[in-house]
Amino acid sequence: MFVDRVRVWARGGKGGSGCSSFRREAFVPRGGPDGGDGGDGGNVILKVNPHLNNLTHLRYKPHHFAEKGAHGKGSQRTGRKGKPLTVEVPPGTVISRLPAPEDAIERSVSFDTGEVIADLTEAGETFIIAQGGKGGRGNLHFKSATNKAPTECEVGGEGDYGQFAFELKSIADVGLVGYPNAGKSSLLRCVSAATPKVAPYPFTTMTPQVGVIETADGKQRFTMADIPGLIEGASEGIGLGHDFLRHIERCSLLVFVIDMSGLEQRDPIQDFIQLRKEIKNYDEQLAKRDYLVVGNKLDLEESQEHLDRFESTQRVPMLRISAETGEGTDILIEQLFSRLEQNRKEAAALEAGTSES
């Protein structure tokens, strides 16, 4: 099961209370206060594990509470701190804090109402999602010139508590976008070691699949994500809508895979126009992302007429390939390496210019 959205409840450990105590020793006529402080509560910490690729492990364990701090003791003994609780998440996890339900009967609120508080992308990256409570002070801290024998002490502070939305957005350099049965899964299988399901019916891919493509010497590589087929109205939530589209938000390069055979009673030109429209409706910034157009199914005779018509009317760069036979895929991979390297240089130059200003 692939899970990319979960709701999580997290609570930091409560701080231990301070102790009210007095020295009682032989031959000490006036023992003073010696109550120790309570220990701090443990934090709930998120940590990126690059070996995870979805949030299934959190779906059936949504509650995460860190350990409480121990109470202070006499003889100025401080209570033990609560152990932190580490929760592992895959790279690309976005965390939003959800508002507290207005009605106690209402157990949850909409995912879309949250405020993003963290975006975890790097392996080993950590983030404290719920801070533990501060330990209370013992009566030793309340001694003064006018109060030689204080009895008051502090109660430990409550740990942070909240309801959070975890949303996974696939991290890949290249995202394959297209209608069902356009050949995205076949292309990914052809150029990488990934093994997405391939079958002659739509929606065989129900979850994003990621493959790694590298040069023969292994010095260069990039990741490619096969996004499940879009349909008209996906940007408005039709079909799986946003569940698919959000997985291409992080891709620096989009590849539109167009079925040029026309055998599914589809017009390749209209398919391309509609795909661009769906992405623009979903996110205008995403629509401005660098992209390539790939005309697939070159091995079929019916494709030639559609390929020529597409190139003459759309005026966009297009590569002709056959994911089935592998024809043209070498040129495609070279183009992708080149475009990605160019995009990295432009991004680095832009960042350098921003930092200088």
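Computation of the quantities below employed the complete heavy-atom set of this structure, encompassing side-chain atoms and omitting hydrogens, waters and symmetry-equivalent molecules.
For the atom pair CD (Gln131) and CG (Asp40), the distance works out to 8.5 Å, reported to the nearest 0.5 Å. Here CG of Leu98 is found 6.0 Å from CZ of Arg7. Values are rounded to the nearest 0.5 Å. Taken to the nearest 0.5 Å, the CZ atom of Arg309 stands 4.0 Å off from the CD1 atom of Ile269. Cys153 contributes atom SG, which lies 10.0 Å from atom CG of Asp37 (distance to the nearest 0.5 angstrom). Between atom CG of residue Leu300 and atom NE2 of residue His306 there is a gap of 10.5 Å, rounded to the nearest 0.5 Å. A distance of 6.0 Å separates CZ in Arg339 from CG in Leu253, rounded to the nearest 0.5 Å.
Residue Glu158 forms a salt bridge (charged side-chain N to carboxylate O under 4.0 Å, His left out) with just one option from Lys68, Lys14, Lys134, and that option is Lys14. For the side-chain contact (heavy atoms from CB on, under 4.5 Å) test with Phe166, the passing option among Leu120, Val3, Leu46 is Leu46; the others fail.
In this structure, Ile331 places its CD1 atom where only 12 or fewer heavy-atom neighbours from other residues, nucleotides or ligands lie under 6.0 Å away.
With Ser322 contributing its side chain and Glu327 its backbone, the two residues share no donor-acceptor pair below 3.5 Å. With Asn296 contributing its side chain and Ala323 its backbone, the two residues share a donor-acceptor pair below 3.5 Å.
Under the 30°/60° scheme for interplanar angles, the aromatic rings of Phe256 and Tyr291 are found to stand perpendicular.
A salt bridge does not link Arg97 with Asp160: none of the charged nitrogens is closer than 4.0 Å to a carboxylate oxygen. A salt bridge does not link Asp283 to Arg289: none of the charged nitrogens lies less than 4.0 Å from a carboxylate oxygen. A salt bridge between Lys47 and Glu88 is absent, with no side-chain N of the basic residue lying under 4.0 Å from a carboxylate O of the acidic one. For Arg320 and Asp308, the salt-bridge test passes: some basic side-chain N is under 4.0 Å from an acidic carboxylate O.
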Exercise for the section: Test salt bridge (Lys or Arg N to Asp or Glu O under 4.0 Å) on Asp226 and Arg189 and set out the steps. Expected result: CA-CA 10 Å; Asp226 170 19; Arg189 291 177 70 104; over 6 Å; no
Practice task
Verify side-chain contact (heavy atoms from CB on, under 4.5 Å) between Ile279 and Ile248, making sure each step is shown before the conclusion.
Solution key: CA-CA 10 Å; Ile279 290 178; Ile248 62 174; 4.2 Å; yes
Exercise for the section: Assess whether side-chain contact (heavy atoms from CB on, under 4.5 Å) is satisfied between Val212 and Ser192, documenting all intermediate values. Expected result: CA-CA 6 Å; Val212 178; Ser192 75; 5.9 Å; no
Practice task
Applying side-chain contact (heavy atoms from CB on, under 4.5 Å), run through Val174 and Ile213 and close with a yes or a no.
Solution key: CA-CA 10 Å; Val174 177; Ile213 295 90; over 6 Å; no
Exercise for the section: Step by step, work out the side chain to side chain donor-acceptor pair (under 3.5 Å) result for Ser252 and Asp173. Expected result: CA-CA 5 Å; Ser252 61; Asp173 300 305; 4.8 Å; no
Practice task
Go through His64 and Leu58 one step at a time and tell me if the side-chain contact (heavy atoms from CB on, under 4.5 Å) criterion holds.
Solution key: CA-CA 10 Å; His64 299 273; Leu58 298 178; 3.7 Å; yes
